[in-house]
Structures are given as structure tokens and as C-alpha cells.
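Below is one structure, written out as C-alpha cells; the observations come after it.
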Number of protein chains: 4
Amino acid sequence: MNITLAQAEKAIATAKEKAKAIDAKMNITVVDAGANLVAFGRMDGAWLGSLDISIKKAKTARYFDMNTGIVGELSQPGGSLYNIEHSNGGLITFPGGVPIKNTKGEIIGAIGVSGSSVDNDHTVAEAGSKAI
Amino acid sequence: MNITLAQAEKAIATAKEKAKAIDAKMNITVVDAGANLVAFGRMDGAWLGSLDISIKKAKTARYFDMNTGIVGELSQPGGSLYNIEHSNGGLITFPGGVPIKNTKGEIIGAIGVSGSSVDNDHTVAEAGSKAI
Amino acid sequence: MNITLAQAEKAIATAKEKAKAIDAKMNITVVDAGANLVAFGRMDGAWLGSLDISIKKAKTARYFDMNTGIVGELSQPGGSLYNIEHSNGGLITFPGGVPIKNTKGEIIGAIGVSGSSVDNDHTVAEAGSKAI
Amino acid sequence: MNITLAQAEKAIATAKEKAKAIDAKMNITVVDAGANLVAFGRMDGAWLGSLDISIKKAKTARYFDMNTGIVGELSQPGGSLYNIEHSNGGLITFPGGVPIKNTKGEIIGAIGVSGSSVDNDHTVAEAGSKAI
């Protein structure tokens with residue numbers, strides 16, 4: 001019920017290929033069902049500050065079993081989850097974090113990507129999550 | 001590819017002169033390409049709370065290789081990077097952090113200034129960054 | 001002067017092979033010259049608590065440009081560096097962290113391994129560091 | 001009753017000269033009477049992990065108005081201050097932190113030095129503290 005290192009490495013390899021295809025330099029994190037780091041890679045020249053953001057996106061996606069951008073829609077001023085980012089040692093709630101499911105549809109981990117526009121980050125995370 | 005202490009001290013000296021010229025009391029931080037502290041100076045009478053802000057501005061500018069104010073425009077409610085400040089142990093995303101480049105245009109560090117209005121903070125940081 | 005992702009992945013792949021050869025399950029971290037994460041892998045079934053230890057070992061090895069076990073010899077009660085572990089957000093000073101050098105002998109990063117005995121951890125880290 | 005930036009810079013300049021004279025690369029921190037950073041400099045090639053240690057040594061020296069090594073003698077297993085290092089966000093209690101006094105003998109701040117043997121660290125800190 002938990003992502004393996006081989007699966008996580010496959011997700012990162014696929015995400016890296018997608019990143020290169022759209023000319024972006026990404027930090028890519030994969031966490032397991034326990035929201036703990038399984039694999040990570042920072043592409044050469046990727047923003048240093050995106051390292052922590054990619055980790056937080058992956059954790060946020062698994063913490064709530066949804067894409068991070070959905071959490072971010074609810075965490076705006078006046079929203080039902082306003083400032084939820086203060087929990088869990090810091091969440092990142094804009095797009096780029098996506099749950100990873102096995103063939104049965106069970107969530108076995110999550111991927112977080114950061115280093116470009118949030119649209120690009122999400123595109124690359126989506127590609128990585130679908131590699132499993 | 002990394003700023004030297006002599007360069008960092010020159011940036012701080014230039015920033016201090018600019019601060020005096022506009023009658024402001026500043027905290028001034030210079031970090032290297034790895035976002036680690038190289039030099040720091042707090043002018044007599046400068047706000048104590050600006051100490052940490054100047055450090056976080058310098059780090060933020062290097063984390064994303066851009067002026068901190070640009071990040072702040074995107075991190076507003078409804079913006080694509082809303083609440084990015086929760087990453088990396090706390091970012092500061094209003095003006096006053098500026099990357100430092102060598103003569104080849106490569107980023108070798110960053111400077112962060114805090115102690116006055118954000119316009120003044122940016123002006124002083126800009127002066128410091130151009131001393132290299 | 002900084003390790004690349006390709007080099008970091010090669011170090012992790014070599015370390016994993018060595019770990020399998022000695023029947024150990026390891027967490028393996030590679031940091032760059034700025035002590036920032038470049039790549040990470042947790043082998044299936046590896047201790048969860050060793051995740052953070054492998055990161056701290058890699059950082060400690062780069063923070064002081066030496067094998068972590070050497071720091072640990074000096075940080076014992078009565079030693080010259082007693083309780084140095086309280087710095088830098090927490091150091092790990094027993095064996096398993098090793099600097100990584102390029103062919104010119106310059107330090108370009110470090111590797112940290114945790115998941116078995118400290119002797120095994122060091123053996124695997126050493127193997128990974130020599131892959132570059 | 002508080003150290004000025006000019007005094008702190010003089011202490012750092014003197015400490016740097018002493019460090020060069022004994023062929024050491026140091027991180028040097030000066031804090032004020034409130035234990036807050038006034039000035040900092042990291043010499044080119046100095047250990048990255050000594051950055052935080054130099055800051056903690058300066059703070060520790062001012063927190064208790066004594067050389068850090070004296071605290072360290074009392075913090076050993078069985079000692080009266082055993083594991084005092086857990087307080088204040090982390091103390092460093094081996095030599096290299098020294099209070100700074102004005103001409104009246106009043107403590108106006110402290111200096112912390114890290115980057116070599118603890119004997120060398122203390123020698124350089126002592127030189128810096130006497131520059132005032």
C-alpha cells in the first residue's frame with residue numbers, strides 16, 4: 001500500500017523528462033503514504049528556494065489526499081481553511097503537489113514539483129504521478 | 001562563482017553610505033550563492049526586528065534569483081504564490097532583497113536591507129548590489 | 001565547483017548497490033557545496049528515523065569538510081567540541097557522512113547514509129563518494 | 001552602554017588579522033548587550049558549519065557574561081550545568097566566545113569565533129575583544 005523507491009525514482013525520471021520538454025528546471029519530491037520522503041532530485045540550476053517548496057507540496061498533497069491547488073482555493077482570506085498553511089510545520093497550497101495512486105486507485109504517496117510557474121509545476125507533477 | 005568576503009564588505013560599506021545619505025538606519029545582510037551568510041552589519045539605532053528581516057530578504061532574493069518585491073506581488077491573496085512565505089523557514093517578500101551578480105552576469109549571492117520604508121530598503125539594497 | 005544532479009544520482013546508485021551487497025536498507029542523501037539537498041533515496045523498508053539522520057550526516061560532512069565520525073570523536077564529554085551537535089539545527093556526528101570531491105580534489109558536496117550499523121553506514125557512504 | 005557598529009567592525013577587522021597571522025579561516029560574530037547580531041564576517045573558505053557556531057558562541061558569552069569555555073566546564077556529564085546547551089535555541093559552550101567590555105569594564109557585547117581548533121578560536125576571539 002506504499003510507494004516503493006523504484007516507483008518513486010520512475011516518477012522523478014518521468015517528471016524530469018517533462019520538465020526538460022517544457023524547458024524548466026525543477027525540484028522534485030516524492031513522499032510515501034506516511035508523508036515521509038522517499039526520493040528527491042534537484043535539477044541543475046533550479047531555484048534553491050524551490051527545494052523546500054517541492055517537499056512541502058508533496059507533503060501537503062498527501063496530508064489531505066488532494067492536489068495542493070485545491071487546498072489553496074480554500075485557504076484564501078475569508079475561505080473556510082484560511083491560513084491553514086500555519087499547520088504541519090508549514091504547508092504550500094498553490095499548484096504543484098499531486099497524490100500518487102496505485103492501479104487500484106489507492107493513494108500510495110504524493111509528488112511535489114517546484115521551479116517554474118505554478119501551471120508548469122502542476123504539469124510536471126501530473127506527469128510524474130501518472131508514471132506509476 | 002561565489003561572492004568573497006571582500007566583495008560582501010564592499011557591498012555593505014556602499015549600502016551604509018547610501019543609507020546615511022537618505023538618513024536611514026539599516027540592517028544589511030549579504031549571503032553567498034548557497035544562501036549562507038557572508039557578512040552582516042546593523043547600523044546604530046536600527047530597528048532590532050529588522051535584523052532577521054534583512055537576513056530573510058537576502059536569502060529570499062537568492063532562493064529565487066529575483067528582487068524580493070517581485071515574489072511579494074505574486075504571493076498576495078488570490079495570487080499564484082499565495083503564502084509562499086511559509087516555506088524555507090520563513091521568507092520576506094516585500095522589497096529590500098536584491099541578487100548580486102558578477103561582471104559576467106552570474107548570480108554570486110544576494111543582499112537584504114531592512115530598517116526604513118520598503119522603498120528606501122530597496123534603494124539601499126540596489127546601491128549595495130551595484131558595488132560589486 | 002558544485003556537484004551536478006547526474007553525479008549525485010550516480011553516487012546514490014552506487015551506494016544502493018553497496019547496501020544491497022551487504023544486505024542493508026539505507027537512507028541516502030547527497031548535498032551540494034552549499035550544504036543544500038541535491039538528491040535523496042530511501043530504500044524500501046529502511047528505518048524511517050534514519051531519513052533525517054542521513055540528511056544531517058550529509059550536511060555535517062560538508063559543514064566541516066570531514067567525515068562525520070571525526071567530529072564525533074571530538075564532541076564526546078570532555079572533548080574539545082562537546083555538544084557541537086546543538087549547532088546548525090542539529091548535527092549528526094557518528095560515522096556515515098563523507099565529503100565528495102571532484103577529480104581535482106575540491107569538495108563539491110557530501111553524502112550521508114543511515115540505516116544500519118555505523119560501520120555499514122560509513123562503508124556505503126564511502127562507496128557512494130568514490131563513484132564521482 | 002552598547003557596542004557600536006564601528007566598534008564591532010574594528011573587533012572583526014582585528015580578529016581577521018589575527019586569524020591570518022595564525023593561518024586560520026574564521027567565522028566571526030559580534031553581538032550587542034542585548035545578545036543581538038551587530039556584525040558578522042565569514043572569511044573565504046571558512047567551514048560553513050562554523051557560521052552558526054560563531055553566532056552561538058557570541059550569544060552564549062553575552063548570555064552568561066563569561067568566556068564560553070567556562071560554561072562548557074560546568075556542562076559536562078555530572079556537572080552543575082549538565083546539558084545547558086539545550087536552552088536558548090542552542091548554546092555552544094566550548095572556547096571561542098568572549099565578552100566585550102568598554103574602558104570602564106562594563107560588558108557591552110560579545111564576540112564569537114569558529115573555524116579552527118578551539119584554542120585558535122579563543123585566541124582570535126580574545127584579540128577581537130581587546131580591540132575595543
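Since we're looking at a predicted model, the values are computed, not measured. Chain A is the first sequence line, chain B the second, and so forth, proteins listed ahead of strands; every chain is numbered from 1.
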Less than 4.5 Å to any heavy atom of chain B: does that hold for the side chain of D:L48, its backbone, both, or neither?
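Contact with chain B: side chain only.
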Top of B:G45, B:A39, B:G34 for chain D proximity - count of heavy-atom pairs under 4.5 angstrom:
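Top option by heavy-atom pairs under 4.5 Å: B:A39.
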Measuring from [X]:[atom1] to [Y]:[atom2], what's the distance to the nearest 0.5 Å?
{"X": "D:I3", "Y": "B:R42", "atom1": "CD1", "atom2": "CZ", "result": "10.5 Å"}
{"X": "D:L37", "Y": "B:L37", "atom1": "CG", "atom2": "CG", "result": "7.0 Å"}
{"X": "B:D44", "Y": "D:Q7", "atom1": "CG", "atom2": "CD", "result": "8.5 Å"}
{"X": "B:I12", "Y": "D:L5", "atom1": "CD1", "atom2": "CG", "result": "9.0 Å"}

Over 12 non-hydrogen atoms of neighbours within 6.0 angstrom of CG in B:D23
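Check fails, neighbour count at 12 or below.
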A quick test of your reading: do over 12 heavy atoms of other residues, nucleotides or ligands sit less than 6.0 Å from NZ of D:K16?
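Yes - once you tally the heavy atoms of other residues, nucleotides and ligands closer than 6.0 Å, there are more than 12.
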